[in-house]
Trainee: 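Below is a structure I'd like to ask you about.
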Amino acid sequence: MKQMTLDLDESQQRPIIMLGNGLDALLDTGALIPVWVGEESVLTRGLKAQLVKRTVPFFGFGGKTYGNLYKVTIQVGELLYPNMHIIACNEWNASFHMILSATMFSNLIYEIDEYNHKFNVTVPDSESSIRHLKIVDKNGKIYVLCSSEENT
């Protein structure tokens with residue numbers, strides 16, 4: 001098993017993970033879809049995200065909303081998400097750049113340690129630190145598929 005620990009922003013009441021390069025993310029254990037809530041130009045220019053589809057409907061932020069679907073490579077500690085699908089939606093005035101969904105940690109063991117301001121992740125031997133996340137629209141219903149390199 002491989003273990004890693006990331007720092008949580010101690011000044012926040014919610015679990016905000018410091019990703020590096022000035023980026024931070026809210027860990028939302030109830031979220032299905034990873035969402036970029038920062039300036040879209042940071043996503044496209046800074047992180048070189050590629051647009052997949054405009055005006056994609058999804059549920060979040062209290063109801064149905066729309067965002068642009070991108071592919072981008074994101075690193076969360078030692079976890080690498082190459083060409084990960086993410087929806088950019090600027091409808092929410094957030095103090096962080098993105099929402100990390102629970103689906104991003106599928107088949108992993110994770111713990112939010114509020115007492116020590118840490119986010120602990122364990123990657124079992126049967127999984128990889130390289131994660132593949134894709135958003136799929138089937139018959140108007142959105143699914144999020146996430147697996148390790150060995151399981152794709």
Side-chain angles (χ1 to χ4, degrees), residues 1-49 56 58-65 67-136 141-152:
M1 288 207 221
K2 186 176 193 176
Q3 295 182 327
M4 63 175 212
T5 299
L6 295 167
D7 292 327
L8 297 177
D9 185 344
E10 293 183 38
S11 69
Q12 300 290 326
Q13 289 184 319
R14 299 180 287 179
I16 306 291
I17 298 170
M18 313 306 290
L19 297 177
N21 297 328
L23 299 177
D24 51 9
L26 170 70
L27 177 61
D28 186 343
T29 58
L32 177 66
I33 299 169
V35 180
W36 183 267
V37 293
E39 289 293 323
E40 210 160 326
S41 62
V42 174
L43 183 63
T44 57
R45 291 187 202 128
L47 295 176
K48 309 280 191 255
V56 174
F58 71 103
F59 286 91
F61 307 106
K64 186 176 183 178
T65 190
N68 296 325
L69 179 64
Y70 286 92
K71 283 195 312 188
V72 65
T73 297
I74 297 283
Q75 188 154 355
V76 179
E78 295 175 35
L79 299 175
L80 181 64
Y81 296 85
N83 296 311
M84 177 181 93
H85 283 180
I86 189 167
I87 293 181
C89 181
N90 293 13
E91 289 186 22
W92 196 34
N93 187 16
S95 60
F96 43 86
H97 296 91
M98 68 182 291
I99 296 172
L100 302 177
S101 64
T103 52
M104 293 177 67
F105 304 97
S106 180
N107 296 321
L108 304 180
I109 303 162
Y110 59 94
E111 168 193 50
I112 301 168
D113 179 352
E114 284 286 336
Y115 184 80
N116 294 304
H117 308 287
K118 303 289 181 191
F119 176 59
N120 303 308
V121 179
T122 301
V123 180
D125 292 337
S126 60
E127 294 290 322
S128 170
S129 314
I130 299 173
R131 316 296 296 163
H132 297 280
L133 188 139
K134 187 173 183 178
I135 297 172
V136 178
K141 184 162 174 127
I142 291 189
Y143 297 90
V144 178
L145 310 172
C146 185
S147 63
S148 72
E149 189 171 48
E150 288 88 13
N151 296 330
T152 57

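As the structure is a computational prediction, the values presented were derived from the model and not from experiment.
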Trainee: Is the shortest side-chain heavy-atom distance between L108 and T122 below 4.5 Å?
Mentor: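 No, side chains not in contact.
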Trainee: For a side chain to side chain contact (heavy atoms under 4.5 Å, CB included) check, start with the C-alpha distance between T44 and V72, then their side-chain angles and the critical distance, and finish with the verdict.
Mentor: CA-CA 9 Å; T44 57; V72 65; over 6 Å; no
Trainee: Compare every heavy atom of I112 with every heavy atom of P15, then report the nearest pair and how far apart it is.
Mentor: CB-CG2, 4.0 Å
Trainee: Does the side chain to side chain contact (heavy atoms under 4.5 Å, CB included) test come out yes or no for D7 and I17, once each step is laid out?
Mentor: CA-CA 6 Å; D7 292 327; I17 298 170; over 6 Å; no
Trainee: For the residue pair F105 and Y110, categorise the inter-ring angle as parallel (less than 30°), tilted (30 to 60°) or perpendicular (more than 60°).
Mentor: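 Rings of F105 and Y110: tilted, 30 to 60°.
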Trainee: Applying salt bridge (Lys or Arg N to Asp or Glu O under 4.0 Å), can you list everything that pairs with D113, at least two apart in sequence or on another chain?
Mentor: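 Counting only residues at least two positions away or on another chain, D113 forms no salt bridge (Lys or Arg N to Asp or Glu O under 4.0 Å).
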Trainee: Nearest 0.5 Å, what's the NZ-CG distance between K2 and D125?
Mentor: 11.0 Å
Trainee: Under the 3.5 angstrom rule, does the side chain of T73 hit a backbone N or O of N83 as a donor-acceptor pair?
Mentor: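 Pair found, side chain donor or acceptor close to backbone of N83.
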Trainee: I'd like to know if E114 pairs up with K118 as an ion pair, taking the criterion as any Lys NZ or Arg NE/NH1/NH2 lying under 4.0 Å from an Asp or Glu carboxylate oxygen.
Mentor: no
Trainee: Applying ring-ring contact (aromatic ring centres under 6.0 Å, His included) as the test, list every pair that has at least one member in residues 17-38; sequence neighbours left out.
Mentor: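 Pairs touching residues 17-38 that pass the test: W36-H97.
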Trainee: For a 4.5 angstrom cut-off between non-hydrogen side-chain atoms, does I135 reach I142?
Mentor: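 Heavy-atom side-chain distance check passes, below 4.5 Å.
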Trainee: Is it true that a side-chain atom of T103 and a backbone atom of L32 form a donor plus acceptor pair closer than 3.5 Å?
Mentor: yes
Trainee: Taking the side chain as C-beta and beyond, is there a heavy-atom pair between M104 and L133 under 4.5 Å?
Mentor: yes
Trainee: Side chains of L100 and D28: does their closest heavy-atom pair fall under 4.5 Å?
Mentor: no
Trainee: Go through the steps to decide whether S148 and R131 satisfy the test side chain to side chain contact (heavy atoms under 4.5 Å, CB included), and finish with yes or no.
Mentor: CA-CA 5 Å; S148 72; R131 316 296 296 163; 3.2 Å; yes
Trainee: What are the two closest heavy atoms between A49 and Y70, and how far apart are they?
Mentor: CB-CD2, 3.8 Å
Trainee: Can you tell me how far CD1 of I33 sits from CZ of F58, rounded to the nearest 0.5 angstrom?
Mentor: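 That separation rounds to 6.0 Å.
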Trainee: Are the side chains of I99 and V37 in touch, meaning some heavy atoms are under 4.5 Å apart?
Mentor: yes
Trainee: Return the minimal non-hydrogen interatomic distance between F96 and M98, and the atom names on each side.
Mentor: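 Heavy atoms only, the tightest pair is CD1-O, 3.4 Å.
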Trainee: For the atom pair CG (N116) and OG1 (T5), what is the distance rounded to the nearest 0.5 Å?
Mentor: 10.0 Å
Trainee: A side-chain contact here means heavy atoms from C-beta on lying under 4.5 Å apart; do I74 and L80 qualify?
Mentor: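 I74 vs L80: side chains apart.
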Trainee: From N107 CG over to S126 OG, what is the distance, rounded to the nearest 0.5 angstrom?
Mentor: 7.0 Å
Trainee: Return the NE2 to OG distance between H117 and S11, rounded to the nearest 0.5 Å.
Mentor: 10.0 Å
Trainee: What is the minimum heavy-atom distance between V123 and S129, and which atoms define it?
Mentor: CG1-N, 4.2 Å
Trainee: Evaluate the side chain to side chain contact (heavy atoms under 4.5 Å, CB included) criterion for residues N68 and V56: first the C-alpha distance (whole Å), next the side-chain angles of each, then the deciding distance (0.1 Å), finally the verdict.
Mentor: CA-CA 6 Å; N68 296 325; V56 174; over 6 Å; no
Trainee: Any side-chain heavy atom of I86 within less than 4.5 Å of one from K71?
Mentor: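 With C-beta onward as the side chain, the pair stays apart.
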Trainee: Side-chain contact test, heavy atoms from C-beta onward, threshold under 4.5 Å: evaluate it for L47 versus N21 and give yes or no.
Mentor: no
Trainee: Could you tell me which non-hydrogen atom of L19 sits nearest to which non-hydrogen atom of Q75, and how far apart they are?
Mentor: CD2-O, 4.1 Å
Trainee: Between atom CD of E111 and atom CD of Q3, what is the distance when rounded to the nearest 0.5 Å?
Mentor: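 Here the rounded value is 10.0 Å.
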